[in-house]
Amino acid sequence: MKLVHAQIAKSGFGQYPVVQTALVDSYSRSSSDIGFARQLFDEMSEKNVVSWTAMISGYTRVGQIGNAISLFDQMPERDVPSWNAVIAGCTQNGLFSEAISLFRKMMLLAQATQHRHIRPNQVTVVCVLSACANTGMLQLGKCIHGYVYRNSLGSDSFMSNALVDMYGKCGSLREARRVFDMTLKKSLTSWNSMINCFALHGHGRSAICIFEEMMQHGEDVRPDEVTFVGLLNACTHGGLVEKGRYYFLMMTQNYGIEPQIEHYGCLIDILGRAGKFEEALEVVRGMKIEPDEVVWGSLLNGCKVHGHTDLAEFAVKKLIEIDPKNGGYGIMLANLYGELGKWDESRKVRKMLKEHNAYKTPGCSWIEVDNEVNQFYSADKTHPRSEEIYKILGALSGLSLRFWYSPFIDCNT
DNA sequence: TCTAGGACCA
């Protein structure tokens, strides 16, 4: 890149705004050069709407969404790609409400000024549908679907996939299916989206039906790792243990897909929920990647359902190892020890939490104190061990008296 | 010379 840049500088073409914009765009594609891209952008004598947009997209690509929005606010004029750049940047960085509010502004502006050239296009709509999907805004999603229909924007598969995803995530499975069925040229993503919709809502068998249909009628499509996440997730939510094992094997043996953490997470969840802990642990041991908090969390959930306290203790310890600052896991362990009557261990965990400042995790101190009192209360109703409770509660700073005092009075009377 | 969809636990 630097060599090309040097050549451009030597040739004298570096004075043209088009060339300068291309340079800004190229540098902004690497997070280490984003500052340099901004420097080039600031030094440009004639910035046009394309240069502004290139810089904004650079910021959104490296996750500096604040800089992107602030630059967007300063733009002297905006075209559809510049609106799209900032809206897409918001959805990609998880700022869904901001994306929707920008879209509303764009719509209002287009209507108020009758500027046909800033009317939302396919790109805008696809991004905003994704924001609707992720925030569950079904009504807005439906309005946008109407806009798509009135303006004949729905011809490509990007659009129908975004609609399927939006309806599916918002719980309108019938509408998702309708849009899916009307999609003439179904891409792999179309099939994956529909499978995931059914999986998400626990319609395991419907998800499997879509997969089987894809294998029979899908043109030029071969299942990929996303397809199998959907399928395994469908088995998880549908309690389909046998099918889960079957698809995991199919993925690795028939399709040669190396399982990712997501696939392991689903499989272990399926086995854990079914109480098949030996098999679940065998899968964990055979993993080529380090199990993450999802894997241990799934296993813990299964342990809770089936009352497998030993393994639960092990899983929670693993969770704390992964994220020691997260007070929630420690609270779980303390509660677990409480349930088992292991008070010394319970206290030890709380001490550790305090050292890690985990009590500052929102909500944790109250939940913990509440449970502490409840546990003592339920463990020994005749001796509320008032002094001990006082000592522990006294050690916790910044707590509202109301939160522990009322149950305490209750157990004395 | 700028903009584009889909995935795991609780």
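These figures come from a predicted structure and were not determined experimentally. Quick note on labels: first sequence line is chain A, next is B, and so on, each numbered from 1.
- Atom NE2 in His237(A) sits roughly 13 Å away from atom P in dA7(B) (whole-Å rounding).
- Residue pairs meeting the ring-ring contact (aromatic ring centres under 6.0 Å, His included) criterion with at least one partner in residues 136-175 of chain A, sequence neighbours excluded, are His145(A)-Tyr167(A).
- Between Arg38(A) atom CZ and dC2(B) atom P there is a gap of 19 Å when expressed in whole angstrom units.
- Note: CG (Leu299(A)) to P (dA10(B)) measures 13 Å, nearest angstrom.
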Validation: residues 34-45 of chain A side-chain donor-acceptor distances under 3.5 Å, sequence neighbours left out:
| from | atom 1 | to | atom 2 | distance (Å) |
| --- | --- | --- | --- | --- |
| Arg38(A) | NE | Asp42(A) | OD1 | 3.1 |
| Arg38(A) | NE | Asp42(A) | OD2 | 3.3 |
| Arg38(A) | NH1 | Tyr59(A) | OH | 3.1 |
| Gln39(A) | NE2 | Glu43(A) | OE2 | 3.3 |

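- Heavy atoms of Ser160(A) sit nowhere under 4.0 angstrom from any nucleic acid atom.
- For residues 60-82 of chain A, the pairs satisfying side-chain hydrogen bond (donor to acceptor under 3.5 Å, both in side chains) are Ser28(A)-Arg61(A), Gln64(A)-Asn67(A), Ser70(A)-Gln74(A), Asp79(A)-Ser82(A), with sequence neighbours left out.
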Would you be so kind as to tabulate the donor-acceptor pairs closer than 3.5 Å made by side chains of residues 299-309 of chain A, with sequence neighbours excluded?
| from | atom 1 | to | atom 2 | distance (Å) |
| --- | --- | --- | --- | --- |
| His306(A) | NE2 | Arg273(A) | O | 2.7 |
| His306(A) | NE2 | Gly275(A) | N | 3.2 |

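- Residues of residues 52-74 of chain A having a heavy atom closer than 4.0 Å to DNA chain B, listed by number: Thr53(A), Ser57(A), Arg61(A).
- With sequence neighbours left out, the side-chain contact (heavy atoms from CB on, under 4.5 Å) criterion links Met287(A) to Ile261(A), Tyr264(A), Ile268(A), Ile289(A), Pro291(A), Val295(A).
- Spacing between atom CE of Met159(A) and atom P of dA4(B) amounts to 14 Å, rounded to whole angstrom units.
- Close to dT1(B), at under 4.0 Å from its OP1 or OP2, lies no side-chain N or O of Arg29(A).
- We find that CG of Asp79(A) is positioned 9 Å from C1' of dT3(B), with the value rounded to whole Å.
- The ring-ring contact (aromatic ring centres under 6.0 Å, His included) contacts involving residues 83-102 of chain A comprise Phe72(A)-Trp83(A), where partners must be two or more places apart or lie in separate chains.
- Of the N and O atoms on the side chains of Ser157(A) and Ser160(A), not one donor lies less than 3.5 Å from an acceptor on the other residue.
- dC9(B) atom P lies 18 Å from atom OH of Tyr264(A), rounded to whole Å.
- Rounded to a whole Å, the CE atom of Met44(A) is 13 Å from the P atom of dC2(B).
- By the ring pair (Phe, Tyr, Trp, His ring centres under 6.0 Å) test, Tyr255(A) is found to be paired with Phe228(A), residues two or more places apart in sequence or in another chain being considered.
- Rounded to whole Å, the distance from CG on Leu200(A) to P on dC9(B) is 8 Å.
- Looking at residues 243-261 of chain A, you'll see Gln260(A), Ile261(A) sit with a heavy atom under 4.0 Å from some atom of DNA chain B.
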Which donor-acceptor pairs under 3.5 Å do the side chains of residues 128-141 of chain A make with protein atoms, sequence neighbours left out?
| from | atom 1 | to | atom 2 | distance (Å) |
| --- | --- | --- | --- | --- |
| Asn134(A) | ND2 | Ser130(A) | O | 2.8 |
| Thr135(A) | OG1 | Ala131(A) | O | 2.7 |
| Thr135(A) | OG1 | Cys132(A) | O | 3.4 |

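- Sequence neighbours left out, not one pair with a member in residues 200-217 of chain A passes side-chain hydrogen bond (donor to acceptor under 3.5 Å, both in side chains).
- The phosphate of dA4(B) (OP1 or OP2) has no side-chain N or O of Asn121(A) nearer than 4.0 angstrom.
- Between the side chains of Asn48(A) and Ser51(A), a donor-acceptor pair is found at a separation under 3.5 Å.
- Contact check of residues 81-92 of chain A against DNA chain B (heavy atom, cut-off under 4.0 Å) returns Pro81(A), Asn84(A), Ala88(A), Gln92(A).
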